[in-house]
Structures are given as structure tokens and as C-alpha cells.
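Contents: one structure, followed by commentary.
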Amino acid sequence: MKDLVNSKILFLLPLFGAILTLPYSDMNGVVVVCLALGLIYGGFNWRTTIEIKPVLFAWLGFTVWYACSLLWTEHPELVYNGLRKEVLYSFAGLVLGYIVIAKLQIWRAVFWTMLLSGVLFSLLLVAVEYLSLFGEGFQRFIDKQDPGVGDSSTLLVLFACFGLFIFKLKDLSKASFTLFIAYELILSYSMILTRNRMGIVCIALIAVLLALYLAKSLPRAWKVLLLLAVVPLSIGVVYKGFATKSNYQGSVVDTIVHVSENDARVWMWKYYGAKALDQPLKGYGAGYTSPKEHFDDHPPYFNILTKMHSHNVLMNKVLQLGFIGLALFLVLYFSPFMMRDVRKDKNAQFILFTFLSVFMFKSMTDDFFIRNSLILYWLIIGMILALNNIEKKEAS
């Protein structure tokens with residue numbers, strides 16, 4: 001028994017370490033060690049790992065094409081860097097999340113640890129907002145760990161989606177559901193403090209998807225009440241999101257139209273769209289900042305941020321890897337739905353769909369398919385697939 005406990009602790013440490021440190025800027029060394037241990041565990045337990053064959057094959061196809069861009073890129077260092085950060089680290093996150101849950105079947109401890117991590121990260125962002133209340137030493141600590149508005153809001157979106165795992169609990173109580181609501185409210189408040197427009201809109205999207213999911217099992221009267229509560233609230237949140245950082249005052253529709261028409265992305269997408277069509281099949285070469293390095297004819301009004309990439313994850317993939325790469329990218333991110341046990345589980349489908357749609361939507365005006373946000377995404381996907389596999393085995 002003692003050996004079993006020690007073995008479980010050995011397996012759980014890298015997963016808990018990754019969960020608790022991924023959100024913070026100055027913890028990358030710890031994260032890399034945890035991911036390395038995940039790959040080692042996956043290698044020693046390869047029979048368990050290959051249970052997710054559709055996802056592994058999708059990863060293989062995307063990785064091969066990603067590496068093939070070395071043949072035509074002018075900046076191979078970007079490809080090598082992307083193979084490490086975008087491919088290897090994310091794949092290690094998938095393996096770590098899957099192998100630990102599948103082998104140890106200690107789901108509840110992982111679930112509550114993830115929620116704790118989300119709350120702690122939210123408190124950090126609250127501290128960032130009220131920085132003047134803290135001493136100089138603690139201010140330096142907060143500044144060091146703050147990942148910035150874009151990454152912070154993306155991590156909050158992923159943590160908010162993770163709360164939906166509560167519907168996988170077999171004995172869901174009123175107390176647990178109340179904690180879920182409190183958890184989502186804490187994250188929503190932190191999201192508002194980031195003042196990130198798409199992050200705030202994503203919170204509304206999660207609320208709408210959750211309402212639609214719950215409405216299926218409710219009587220008609222309750223469906224109407226839920227609709228009357230969620231729709232106005234979501235419209236208000238969307239308005240708040242689009243009005244953030246804008247001095248324009250108008251109706252909901254007018255504000256959204258005004259902000260959209262005056263956004264720099266309008267002329268960015270026109271420029272980068274034309275560039276993508278010049279190399280439609282294979283792109284210019286993989287790498288997060290590939291557009292910045294490959295193009296030297298940016299309009300004079302482009303700044304360092306608008307030169308970095310197209311601020312749209314799908315357009316970025318076309319620029320980097322062409323439409324072939326975009327197709328392989330979409331196959332990869334839809335591959336979890338190809339798992340047989342996922343196709344039979346409505347809860348798993350809902351959670352996976354929410355994760356994918358919200359994460360993708362968040363990157364329609366930027367690209368957060370990189371760094372710790374991407375690792376956290378695949379870590380959670382691995383957990384979902386492992387939990388589903390456990391439930392399938394228990395049912396049989």
C-alpha cells in the first residue's frame with residue numbers, strides 16, 4: 001500500500017505542479033520540468049497513451065507538416081522554436097493530463113486543484129488592479145508573475161471553461177453547484193478587471209452555451225425563464241466588452257459596429273489576407289512571428305504589434321503553413337471528437353465543444369495558440385479524454 005501511495009504521489013506531482021504554475025510568467029522552468037516528466041511517464045506507459053490514437057495521429061500529421069516548412073522558410077529558427085513551444089510542449093501537456101488521470105483515476109483531487117488554481121490566479125489579477133495597496137516587495141512579485149492582459153484573459157477563459165467539468169461529477173450536489181457559480185463569478189470579475197474585450201465577450205459565450213445545454217433537460221416554463229435571464233445578461237456583457245477602452249456611447253448594436261469598423265484589425269486583415277493568397281498552399285514557414293520576419297513591405301502605419309502577426313489564429317496558420325497546414329490544424333483540434341467514447345457522451349461533447357469554440361473565438365482577434373495558454377488547453381483536453389475513458393471502462 002505504501003509503495004502504491006508513493007507511486008501515486010510521484011505521478012501526481014508533475015500534474016499538480018503544472019496546474020498550479022502554468023498561469024504565471026516566472027514559473028516556466030517548473031512547467032518545463034513537469035512536462036518533461038509527463039513525456040517520460042507517457043513513454044513508460046505507452047500502451048495507455050495509444051488509447052487516444054485519433055488524437056495522436058492528428059498530432060503526427062500536423063507536426064510533420066509543421067517541420068516540413070523548414071524546406072521553404074527563410075527563417076528556420078522560427079520553425080525550431082515553434083516545434084518546441086507550440087508542438088512539443090502542447091503534446092507533453094496532452095500526455096501528462098491523460099496519462100495521470102487514466103493510470104491513477106484520482107479525478108476529484110485534480111478537479112478541485114484546478115479550481116483552486118483558477119481562484120488563485122484570479123486573486124493575482126485582483127492584486128494587479130489594486131497594486132497600490134501592497135508593499136514594494138509584493139508589488140515586484142506581482143509584476144513578475146503577471147502574464148499580461150491578453151494571456152491573463154485567455155487563461156481565465158480556459159479556467160472558466162474548466163468549471164463545466166462539474167457536470168461530470170456523479171453526485172452533483174446543490175453545494176457543489178453553488179461553488180461552481182461562485183467560482184465562475186470570481187473569474188468573471190477578474191476578467192472585467194483585465195479590460196480585455198474578447199475575454200469579456202467569451203464569458204458571455206460560455207454563459208449562453210451553458211444555458212442552452214441546461215435548457216434541454218428543463219420543463220418549458222423553466223426554459224423560458226432561463227432564456228429571459230441569460231439573453232439580456234449576455235447582451236449586457238457583450239456591450240461591456242465592446243465598450244471597454246472605447247469612448248463611444250450608443251446603443252448595443254451601434255457600439256459594436258463603431259468599435260469593429262474603427263479597429264486596426266480591419267486594415268491588418270486586408271494586408272495579411274493578400275499575403276496569404278500569394279502563398280496559399282504551403283505558406284511562408286511556421287513560427288508565431290513568421291509574418292513579422294518574412295514581410296518587409298508593411299504599410300508605414302503598422303507598429304511593432306501589428307507587424308508581429310495577423311491577430312487571427314486561422315489567418316496566421318494560412319500565412320505560416322498554407323491552407324494545407326490550416327486543414328491539418330483544424331483536424332488536430334477537432335480530433336478529440338473522433339474518439340468513440342466521446343461520440344457517445346453528451347457531457348463530454350458539450351465540454352469539448354465549449355473549450356474549442358471559446359478558445360478559438362478568443363483568438364479571432366489575436367493569436368493565443370502559443371505559450372502557457374496552449375499548454376493548459378491540451379492538458380485539460382487530456383484530462384477530459386482520460387476521464388471519459390475511465391467512465392467507459394466502468395460502464396462495461
Side-chain angles (χ1 to χ4, degrees), residues 18 22-23 25 28 31 35 55 58-67 69 78-95 97 147-162 196 198-199 201-202 205 265 268-269 272 276 283-293 305-306 308-337 352-382 384:
L22 266 170
S25 291
N28 288 337
V31 171
L35 295 176
V55 182
W59 262 110
L60 178 63
F62 178 73
T63 303
V64 168
W65 186 252
Y66 200 104
S69 70
L78 296 180
V79 181
Y80 288 123
N81 191 48
L83 282 170
R84 176 171 57 89
K85 290 187 175 181
E86 186 177 352
V87 177
L88 179 61
Y89 289 176
S90 303
F91 180 74
L94 169 71
V95 172
V149 172
D151 290 317
S152 293
S153 56
T154 305
L155 289 163
L156 283 175
V157 163
L158 293 175
F159 277 121
C161 288
F162 185 84
N196 182 271
M198 289 300 288
V201 174
C202 281
L205 178 59
R265 292 168 181 83
M268 284 172 56
W269 290 338
Y272 285 118
Y284 296 89
Y288 188 69
T289 60
S290 180
K292 174 187 173 184
E293 303 299 334
L305 295 177
T306 52
M308 185 181 298
H309 53 69
S310 71
H311 285 64
N312 178 285
V313 64
L314 301 181
M315 188 176 291
N316 279 345
K317 287 297 172 280
V318 177
L319 286 166
Q320 296 172 26
L321 301 168
F323 283 100
I324 294 175
L326 175 62
L328 291 169
F329 172 80
L330 292 174
V331 168
L332 171 60
Y333 279 84
F334 279 95
S335 62
F337 294 95
L352 283 169
F353 176 77
T354 303
F355 263 102
L356 178 59
S357 58
V358 173
F359 191 35
M360 195 75 72
F361 185 76
K362 181 69 167 62
S363 287
M364 288 296 102
T365 58
D366 209 322
D367 189 348
F368 295 104
F369 280 64
I370 193 67
R371 296 185 294 272
N372 292 7
S373 300
L374 190 58
I375 298 171
L376 181 62
Y377 176 84
W378 280 105
L379 183 77
I380 295 172
I381 295 299
I384 298 173

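All heavy atoms count here, side chains included; hydrogens, waters and symmetry mates do not.
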Return yes if some donor-acceptor pair links the side-chain N/O of [X] with the main-chain N/O of [Y] below 3.5 Å, else return no.
X      : Y      : value
Ser69  : Leu321 : no
Ser290 : Ala286 : no
Ser357 : Thr354 : yes
Gln320 : Gly287 : yes
Ser153 : Gly150 : yes

Are the side chains of [X] and [Y] in touch, meaning some heavy atoms are under 4.5 Å apart?
X      : Y      : value
Phe361 : Val201 : yes
Leu374 : Phe368 : no
Val313 : Phe329 : yes
Lys362 : Asn196 : yes
Leu379 : Leu35  : no
Asn372 : Pro147 : no
Lys85  : Tyr288 : no
Phe359 : Cys161 : no

Next item on the list: Over 60° means perpendicular and under 30° means parallel, so classify the ring planes of Phe62 and Trp59, tilted if in between.
Entry: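 It falls in the perpendicular class, over 60°.
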
Notebook entry, point to check: Taking atom CZ of Phe337 as the centre, does the number of heavy atoms from other residues, nucleotides or ligands within less than 6.0 Å exceed 12?
Noted result: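 Counting other residues, nucleotides and ligands, CZ of Phe337 exceeds 12 neighbours.
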
Note to self: Looking at every heavy atom in both Glu86 and Tyr66, which two are closest together, and how far apart are they?
What the structure shows: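 Result for this residue pair: OE1-OH, 2.9 Å.
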
Next item on the list: Check Leu356 against Tyr377 and note the closest heavy-atom contact, atom names and distance.
Entry: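 Looking at all heavy atoms of both residues, the shortest contact is CD1-OH, 3.6 Å.
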
To the nearest 0.5 Å, tell me how far [X] [atom1] sits from [Y] [atom2].
X      : Y      : atom1 : atom2 : value
Leu305 : Asp366 : CG    : CG    : 9.0 Å
Leu314 : Met364 : CG    : CE    : 4.0 Å
Ser373 : Leu156 : OG    : CG    : 10.0 Å
Trp65  : Leu326 : CH2   : CG    : 12.5 Å
Lys317 : Asp367 : NZ    : CG    : 5.0 Å
Ile370 : Ile375 : CD1   : CD1   : 8.5 Å

Note to self: So, using side-chain hydrogen bond (donor to acceptor under 3.5 Å, both in side chains) as the criterion, who are the partners of Ser310 when residues are at least two apart?
What the structure shows: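 If we apply the side-chain hydrogen bond (donor to acceptor under 3.5 Å, both in side chains) test to Ser310, skipping adjacent residues, the hits are Asn316.
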
Next item on the list: Report the residues that fulfil side-chain hydrogen bond (donor to acceptor under 3.5 Å, both in side chains) with Thr306, sequence neighbours left out, ordered by chain and then residue number.
Entry: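 Thr306: side-chain hydrogen bond (donor to acceptor under 3.5 Å, both in side chains) contacts with Asn303.
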
Margin query: Between Thr289 and Met308, is the side chain to side chain contact (heavy atoms under 4.5 Å, CB included) condition met? List the steps.
Written below: CA-CA 5 Å; Thr289 60; Met308 185 181 298; 3.7 Å; yes

Note to self: side chain to side chain contact (heavy atoms under 4.5 Å, CB included) for Val318 and Tyr272? Distances and angles first, verdict last.
What the structure shows: CA-CA 10 Å; Val318 177; Tyr272 285 118; over 6 Å; no

Check: How would you list all residue pairs meeting side chain to side chain donor-acceptor pair (under 3.5 Å) that involve residues 323-334, not counting sequence neighbours?
Finding: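 Sorted result for residues 323-334: Tyr333-Trp378.
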
